[in-house]
Amino acid sequence: MLRRVAYVIGAVVVAAGLAMLPAAVTSLIYGERETAGLITLAALITALAGLLSWRGVGRSGTLTTKEGFASVGLAWFAMSIFGMLPYLLTGSIDNLTNAFFETVSGFTTTGASLVSDPSELPRGIIMWRSTTQWLGGMGVIVLSLAVLPLLGTGGVQLARAESPGPEPDRLTPRFRETAKRLWLLYALLTLVETGLLWAGDMTLFEAINHSLTTMSTGGFGTEASSIDSYSPYVQWVVIGFMFLAGTSFALHFRAVQNPGQYLKNTEFRLFALVLAVATLIIAIGIWGQESAADTIRDALFTALALVTTTGFATADFGAWIPALQLFVVGLMFIGGMAGSTAGGIKIYRMGVLVRAASADLRRLVYPRGIFVVRFGANRVHEPVIESVQSFFLFFMFLFMTGTFLLGGLGAVFGPELGLVEAASATASALGNIGPALGEMGPSGNYAALTQPGKWLLSLLMIAGRLELFPVLLLFTRSLWR
């Protein structure tokens, strides 16, 4: 078992090492020779370590379900450990805790940062920050599914461990081909957004970085002001691609041949409704502070950034009225569609929870009645309902426990966090949002957080990105038997 798990982890680490090379090339282009050399060294160390695990220790074979979950959880920790090297070797972040936090925030597409002004970093490091989010967006595990010979049957076990829905949504009988098609679409949309942003007031470097972090719903930017300093045209482009990134990529692929697939999809309609209601409530809350056009754009941008868990900002919602701030925290839990790059609970699960709760209420009135839970035209079977309810229970348990621990760590180690700050930071980490409230809001960062608090949020970010279960299973005895 351990040798098969090492085989998968090694392949993922090799991919992470190769992904550092574009950042090194970027530094060379901008004349940062020393930085380029150090990033190349980090890539070499990472690739060699991965090769040792992949070819030296590991052996190919068919993964069981148990091994698939173990591989997913451990691979993300391994990527985060080696992903720190560019920061540490270049001295961009000279603290182990901070480097791990920034790397985890990248690979999990959370976007919570310790860097007060990204523009002061070397260009190669900025590119690496964005690359980590782009890789984490669709999932490095899914990328490995398309290139590893392990794929045949074991690949499906890896897919189940990362799948946001009850089952992986296949476009072809073989998951390998499905992964290739989704990655092709992902890369194509990234290129299109790069061109549109470059046509605005962004440089090519800024356009590339922001397209990488938009399609991954990550939120890392190149400026301290996020997207606020760019033109309305750029903000509307980002709005459009945040919406695309929060929508199921399998649905995008099917809609290429038949655009009517969007309106036929129940989850897509619910996703659009949630965004419309959230935009309306935010617009009402901030009405009169600026022009009508700016208000609508800021409301829609904020609603999309929170629901799709992208984390970009054109307005400081930490400065809004308390009632609107609580609404913002509530949006952090929702998430995008299943099969998108967004984090959070996901629209599919929210819909199933509401319908299952409605059926339970009707059973109280009609004890002998038979009530079938449906999501759209499809029946939701009991095992799926139980799985969704279990996920929601674990999610809320981690949220409450994380809030309590983060507040306690602040009280012991300082600075002390208020309840709203601790709750919003925990929700932001679990939902992979990025900005929270208070000093960790859109206009601030997480630098003042305690060292133990950063490790706690790092673990919550990984748990949230991997849909909780692969990480929680790592701490069970039965997984390792």
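No donor-acceptor pair closer than 3.5 Å links the side chain of Asp201 to the backbone N or O of Val234. No donor-acceptor pair closer than 3.5 Å links the side chain of Ser216 to the backbone N or O of Leu135. Using a distance-only test at 3.5 Å, with no hydrogens or angles considered, a donor-acceptor pair links the side chain of Ser105 to the main chain of Gly111. Side-chain atoms of Thr194 come within 3.5 Å of backbone N or O of Thr190 as a donor-acceptor pair. The backbone N or O of Leu197 sits nowhere less than 3.5 Å from a side-chain atom of Tyr230 that would complete a donor-acceptor pair. Formation of a donor-acceptor pair under 3.5 Å by the Thr131 side chain with backbone atoms of Met127 is found in this model. Distance alone, capped at 3.5 Å, places no donor-acceptor pair between the Gln325 side chain and the Leu437 backbone. In this structure, the side chain of Thr401 engages the main chain of Phe397 through a donor-acceptor pair within 3.5 Å. Under the 3.5 Å distance criterion, the side-chain polar atoms of Ser390 are left unmatched by any main-chain donor or acceptor of Glu386. Checking side-chain atoms of His252 against main-chain N and O of Leu244 turns up a donor-acceptor pair under 3.5 Å.
Other residues, nucleotides and ligands contribute at most 12 non-hydrogen atoms within 6.0 Å of the CZ atom of Phe392. A 6.0 Å sphere centred on OH of Tyr233 holds more than 12 heavy atoms belonging to other residues, nucleotides or ligands. Counting non-hydrogen atoms of other residues, nucleotides and ligands closer than 6.0 Å to CG of Leu361 gives a total above 12.
Residues Thr217 and Thr310 bring no donor and acceptor atom of their side chains to less than 3.5 Å of each other. There is no side-chain donor-acceptor pair under 3.5 Å between Trp134 and Thr213.
For the pair Tyr446 and Gly434, the tightest heavy-atom approach, listed with the atom from each and the gap, is OH-O, 2.6 Å. Of all heavy-atom pairs between Ser80 and Ile462, the closest is OG-CD1, 4.4 Å. Looking at every heavy atom in both residues, Thr426 comes nearest to Ala422 through OG1-O, 2.8 Å. Across Gly431 and Thr309, no two heavy atoms sit closer than the pair O-CG2, 3.2 Å. Contact record, Thr295 with Ala283: CG2-O, 3.8 Å, taken as the closest heavy-atom pair. Listed here is the closest heavy atom pair of Val13 and Ala78: CG2-CB, 4.0 Å.
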Take Tyr348 and Met337, measure what side chain to side chain contact (heavy atoms under 4.5 Å, CB included) needs, and give me the verdict at the end. CA-CA 6 Å; Tyr348 175 83; Met337 289 180 62; over 6 Å; no
What do the steps show when you test Met400 against Phe395 for side chain to side chain contact (heavy atoms under 4.5 Å, CB included), and what is the final call? CA-CA 9 Å; Met400 291 185 292; Phe395 194 97; over 6 Å; no
Let's go through Arg129 and Ser113 carefully: what are the C-alpha distance in whole Å and the side-chain angles of both, what is the deciding distance for side chain to side chain contact (heavy atoms under 4.5 Å, CB included) to 0.1 Å, and is it a yes or a no? CA-CA 10 Å; Arg129 290 172 83 237; Ser113 181; 3.2 Å; yes
Give the intermediate values and the outcome of side chain to side chain contact (heavy atoms under 4.5 Å, CB included) for residues Leu270 and Glu267. CA-CA 5 Å; Leu270 183 57; Glu267 188 182 9; 5.6 Å; no
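One finds the CD1 atom of Ile334 at 10.0 Å from the CZ atom of Phe271 (value rounded to the nearest 0.5 Å). Expressed to the nearest 0.5 Å, how far CD1 of Ile282 lies from CG of Leu324 amounts to 6.0 Å. The distance from atom OG1 of Thr109 to atom CG of Leu212, rounded to the nearest 0.5 Å, is 13.0 Å. Expressed to the nearest 0.5 Å, how far CG of Asn378 lies from OG1 of Thr266 amounts to 7.5 Å. The distance from atom OG1 of Thr341 to atom CE of Met215, rounded to the nearest 0.5 Å, is 6.0 Å.
The pair Glu290-Arg297 fails the salt-bridge criterion, with no side-chain N (NZ, NE, NH1 or NH2) lying under 4.0 Å from an Asp/Glu carboxylate O.
Side-chain contact between Val115 and Asn445: absent, with no pair of heavy atoms (C-beta onward) separated by less than 4.5 Å. Inter-residue side-chain proximity for Trp198 and Glu206 is flagged as unmet; no heavy-atom pair is nearer than 4.5 Å. Here the side chains of Asn209 and Ile126 are in contact, with some heavy-atom distance below 4.5 Å. Two residues are said to be in side-chain contact when any heavy atoms from C-beta on lie closer than 4.5 Å; Phe317 and Pro435 meet this criterion. Looking only at side-chain heavy atoms (C-beta outward), Val192 and Phe241 come within less than 4.5 Å of each other. Within the 4.5 Å cutoff, side-chain heavy atoms of Val12 are placed close to those of Met79. Looking at Phe253 and Arg181, their side chains come closer than 4.5 Å, going by heavy atoms from C-beta outward. Contact annotation: the side chain of Arg269 never approaches that of Tyr262 to less than 4.5 Å [non-hydrogen atoms, C-beta and beyond].
Using the six-membered ring where Trp is involved, Trp54 and Tyr7 have ring planes that are perpendicular, over 60° apart on the 30 and 60° scheme.
Of the options Asp294, Asp298, Thr302, a side chain to side chain donor-acceptor pair (under 3.5 Å) to Thr314 is made by Asp298 and by none of the others.
A distance below 6.0 Å separates the ring centres of Tyr186 and Trp183.
Because its NZ or CZ atom is not both nearer than 6.0 Å to the ring centre of Phe107 and within 45° of the ring axis, Arg465 does not count as a cation-pi partner of that residue. In this structure, Arg123 satisfies the cation-pi test against Phe205, with its NZ or CZ atom closer than 6.0 Å to the six-membered ring centre and inside 45 degrees of the ring normal.
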